[in-house]
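Order of the sequence lines sets the chain letters (A, B, ...), proteins ahead of strands, with each chain counted from 1. Heavy atoms only: backbone and side chains are in, while hydrogens, waters and symmetry mates are out.
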Amino acid sequence: MFVGESKKNRSVKGIKYFVVLLCLISATVHAQKKFTIQKGSITFTSNAELELIEASSKMLVGLLDPTNNQFAFSVSVQSFRGFNSELQRIHFNEKYMESETYPKATFIGKIIEQVDFLADGLYEVRAKGDLDIHGQKQNRIIRGKITILNGIVTIEASFKIPLSDHNISIPKIVNQKIATEIEVVMNATMVMQ
Amino acid sequence: MKRYTGIVALFILLMQQAMGQVPYFQQYFLAARNEPVQVNTIFEDKTGIIWFGTDKGLYTFNGLHYTHRTTTDSLPDNHVTAIAQDSLGRIWTGYKNGQIAYFEEASVKLFEPDEGLSTMPVSDLLFDRNGNLWFSTLNDGLYYFTQNRLFRLDDREGMPDLFVYDLAEDHYGNIWAGTDGGAAVCTLADKKVKIKIINYDDGLPDNIVKKLIAGETSSMWMATEDAGLIQYDLASGRVTSLIKNWEYGTVSDFLVHNNQFWIASPQAGIVMHDQKTSRTKVYNTKNGSGFASIEVLWLDAQKNIWVGSKAGVMRTHGDAVEFVTEFDPSADKNVLALAIDQQGTIWFANTEGIFRRRVDKTGSAYTQQLLANTPFSKYAFISLYVDSAGFVWAGMYGEGAIRINPITGKIRHLQKELRNGNVLSITGKGDEVWLATLGGCSKIKIRGDELVVKNYSSEEGLISDYIYQVFVDSQDRVWIATDGKGVDMLDKDGFHHFQEGLTSTVVYSFAEDANQHIWVNTQSAGVFEFDGAKFRPFRLSSKLRDDNITIFTSDNSGNLVLMHDLGMEVYDIKTERLYFLGDEVGIHEKKPNLNAITKDDLGRLYLGTEAGIVSFAGSEALTHHRPVPLLAHLKVFDRELKPGSYYNLPFDENNLTIQYLGLWYQNPTGLHFQYKMDNHDVDWISTHDLAITYSKLLPGSYTFHLKVSETEDFTDALETSFQVEINPPFWRTATFFIMVGFTVILLGYSYLRYRERRLVKDKVVLEAKVEERTLQIQKKNMEIQAQNDEIQAQNEEIQAQAEEIKGINENLENLVRERTRELEQKNKALEEYAFINAHKLRAPVASILGLINLIGKHGIKEQDADEIKDRLQTAADELDKVVGSITKAIERGDT
């Protein structure tokens, strides 16, 4: 299992280390091929009383090992676009997500159900892993749909993230503009590499 | 004495496997008869209702009725695999397809966490002491639900295996999970779980842990696949096996009841290990088909043991009462006498002869017939006894008695040494054996190999020769029961006779209770207590269900045990309570044989009946539970009310139907009820009905009480109750009256105020009017005043005129007087003149008249005519003259 970030590395170096590790591992296990994300996006929505905020990122990277059902997904926090104003995006990064310190949000774990990734099929699965956001890990089981067609694996998942789970605190002044629970939708197309 | 040395011909070994002793198991048919229903789980909820999770849906049972739910009733699956109850009282169910559903009121709700559920069967559901939900799956690990989030425990958290069979909470709050890889002890803190594994490395003989039950304080009992039951001590970590060298197969379930472990094995049936006696009994398919493939056991609150198998459900009340009904090769179940030797083998006598029966470890029984090829084979054996040396005595009807060495088979025959060869019963104490015969009784002292016989009959002072039983009590007094002459007692002073107080002098047997009092059993008159001088009837005689008691003895606790055709009754000397064992434990119409009773070394009683042997563990094994009253339905007219303890109803909803029952799985139809509605019923009402209707209840506060008992005695029956308040119709409530009163006062007050205001207003108006009038009057006054003055003036004028008129008047009056005088004078003159003239007138007139008259009378004659004419002429001329003078007088108007 690759858990890229150590708690000590909080700088951007962490990302590099992580990616390098991914490549290394995928390189060494040359006999077993893995699925990597060809195209992937994450959209989150904050639906509060006074404001609706939606932002997405197309910089979702991920790996899926069909031999043991393990996966790792990661997205750069600073890559999210679509805020209602530039100021809002800056606040998002500087104040709430502290993306200088925690540049990545990751989900690393294992798919519970037995899935044959090499055969066509449609599966409703549960992914159990650690969701690491803002430096706070939470063990989560997230449901998703996996479609395998002609060697292409498509993953869709939607889930909720309570901000309190990840130490993200909203000052009272704006609590009617930011929801306490964020809805997230993730889509990814993966191919064997 | 004849001796028969041990020759092969003595015994015919007919080793046959027969069934062991078995308690009464009641079968329950959940579906139509013969239709097998695989029972996966059994659960008793907090109200006492039993739930069955089967492959054909979910059942509930209250002793009388079943309910059945399947997928058509919104169950997510027909295979129900787990049942639990949360702190709110809701029943949760787990299914083979991984789904979980719970019942809210009567409707089924699915448990649908965001994280989704497994698709593997849910093997167990548990709510820990903090209310968190845990559930185990077969091959999908262990899950727990806390703070609204579902978590899965698998290899990542240290679960030894994903196949989890069972969950249990220990004394400290840890959750133990039995898996294929040992036991996983989970400790939950905040949302995270730490796991400690107990497996081979810790001394566990088998890693596959199928079931866990928390023991006393710090121990956990675990059932393994191949090594039976293991006890793990939490403090020390020590592992001990319950039964060493377990050979009963795989364990599917177990339970702990008092000191007994009831273990279910699909291969072996039920293995019952009693920790107190260290004995193991096995109940298997030889006892009935219900013992095949047992999957689950459950102990309910009334200490019934429920057994679920692939075929259905059975219930037993434990092994207090057991039966031996098969004596293959003997076909005769009628056990006339019995005794137990020192090896635990049961010796019994029936019409075919004497047999002995032993049961091996696996529960198989082996019965041998004895004496088959001996001269004794044609004799009738009617009594048996094992003496202190371990020899078996058998009494015959007519041929005396024999003493058998059970190990060597040697037989010693006593007949001529006795006065009578009809040996009705054999008893003894220490090195003495007593034979009760029809020719008195015989005492036989055992001195090594020698037997010294002393006979007692009427010759020695015995009151009667017909003896039913001889009994040696704790003080070595010898009591003798006679047929028709009461009781004799032999002590160092000789014979003493007692009869006073007995209403029947045919005495069958004796018993000694815990207080060392002697009791007797008589023919048709029941049981009597001996007070030292005479007999007193048993205080509860009338409560005994049958007077014909054929077996009477005491158990090791010193309590009395008796048996008649309707069942067994146990009298507790200390509490003075009588307990009846009948149908519900399978004793009914067993027809016990006279004095066919014996006891084993543990104090278990064995009774010989026409239908086999009944064994009874003694009064200690009786757990006295009480039936639980349960209010099943409460209806107002036809509308069903939700269960509760307090109801508030409007005045027109005053027709209550209460349906109730008693939870008493042993004998659900034999219950007695008592109910009372406070404020309506004066006293408790007894009934056997299961419903009561109160109609036309008046407004008020009522409390309904219900009691249930298995007998007609309700002294310590459990009670349940609920309150109903029927509100008076609105127009009779206090509030209404107050409102009305208030309204009345308000109205009155308003009215008064209104009147007041009006009066004030009127007053003002009136005052104005008065003002006005006053002014008017004043004006008028002034006018009148003016008029007055005027009148006054006129008055004076009138006064003056009046004076004037008065003067004139006087004048006039004088004139008038004058004139009147004048007139009067004239009148008078006139009157005189008239008078005179009248006279003058009258003369001529008279003459005329007279002449006429003459004419008339005589007519006129010619000669007279001239005279008449002359007379007439003269008269007429006079008349004319007078008249002419009158006229002249008037014209002159003279005096």
Side-chain angles (χ1 to χ4, degrees), chain A residues 1-3 7 44-45 47 65 67-72 106-116 121-133 136-146 155-167 179-186, chain B residues 76-77 94-100 110-123 132-164 175 177 179 184 186-195:
Chain A
M1 271 268 275
F2 22 72
V3 178
K7 287 221 156 90
F44 73 80
T45 311
N47 198 347
D65 184 345
T67 55
N68 56 16
N69 277 9
Q70 289 176 350
F71 61 83
T106 63
F107 186 48
I108 301 169
K110 184 170 161 179
I111 295 180
I112 291 174
E113 279 75 9
Q114 284 298 98
V115 176
D116 185 359
L122 173 59
Y123 301 85
E124 299 237 2
V125 299
R126 294 169 291 156
K128 176 185 165 196
D130 286 322
L131 183 61
D132 189 343
I133 299 176
Q136 190 75 18
K137 274 208 194 125
Q138 284 288 343
N139 190 289
R140 294 286 302 264
I141 298 177
I142 292 174
R143 280 195 282 192
K145 264 208 265 287
I146 296 184
I155 304 181
E156 296 164 44
S158 50
F159 53 99
K160 295 196 179 77
I161 300 177
L163 293 179
S164 52
D165 266 9
H166 300 275
N167 271 349
T180 49
E181 223 175 49
I182 307 296
E183 291 153 27
V184 177
V185 175
M186 165 261 194
Chain B
D77 186 6
Y95 300 84
K96 189 168 170 195
N97 64 6
Q99 292 287 303
I100 295 176
L110 288 179
F111 174 62
E112 293 175 312
D114 287 338
E115 292 80 2
L117 287 173
S118 161
T119 49
M120 296 293 150
V122 176
S123 51
N132 299 311
L133 168 67
W134 294 72
F135 61 94
S136 56
T137 66
L138 298 179
N139 213 12
D140 198 350
L142 174 61
Y143 289 83
Y144 61 99
F145 187 74
T146 181
Q147 294 174 55
N148 217 21
R149 188 155 285 170
L150 185 66
F151 296 89
R152 180 185 193 249
L153 293 172
D154 50 36
D155 48 307
R156 198 188 168 279
E157 284 78 16
M159 279 295 283
D161 200 280
L162 291 178
F163 242 91
V164 187
I175 304 298
T179 78
C186 308
T187 313
L188 174 63
D190 189 22
K191 290 188 267 198
K192 291 211 175 63
V193 164
K194 277 211 200 55
I195 298 179

Legend entry - Gap separating the CG atom of B:Leu153 from the CH2 atom of B:Trp134, nearest 0.5 angstrom: 6.0 Å
Legend entry - Carboxylate-amine/guanidinium proximity below 4.0 Å for B:Arg149 and A:Asp165: yes
Inset, instruction - Give the member of A:Arg140, A:Gln138, A:Arg143, A:Glu113 that has the highest number of heavy-atom pairs under 4.5 Å with chain B. - result: A:Arg143
Inset, instruction - Name the orientation class of the two ring planes belonging to B:Phe145 and B:Phe111 (parallel below 30°, tilted from 30 to 60°, perpendicular beyond 60°). - result: perpendicular
Legend entry - Heavy-atom closest pair, residues B:Thr179 and B:Pro160: OG1-CG, 3.5 Å
Legend entry - Among the listed options B:Glu157, B:Lys192, B:Met120, the residue most often paired with chain A at heavy-atom distances under 4.5 Å: B:Glu157
Inset, instruction - Identify which part of B:Asp140 has an atom lying under 4.5 Å from any heavy atom of chain A, answering side chain, backbone, both or neither. - result: side chain
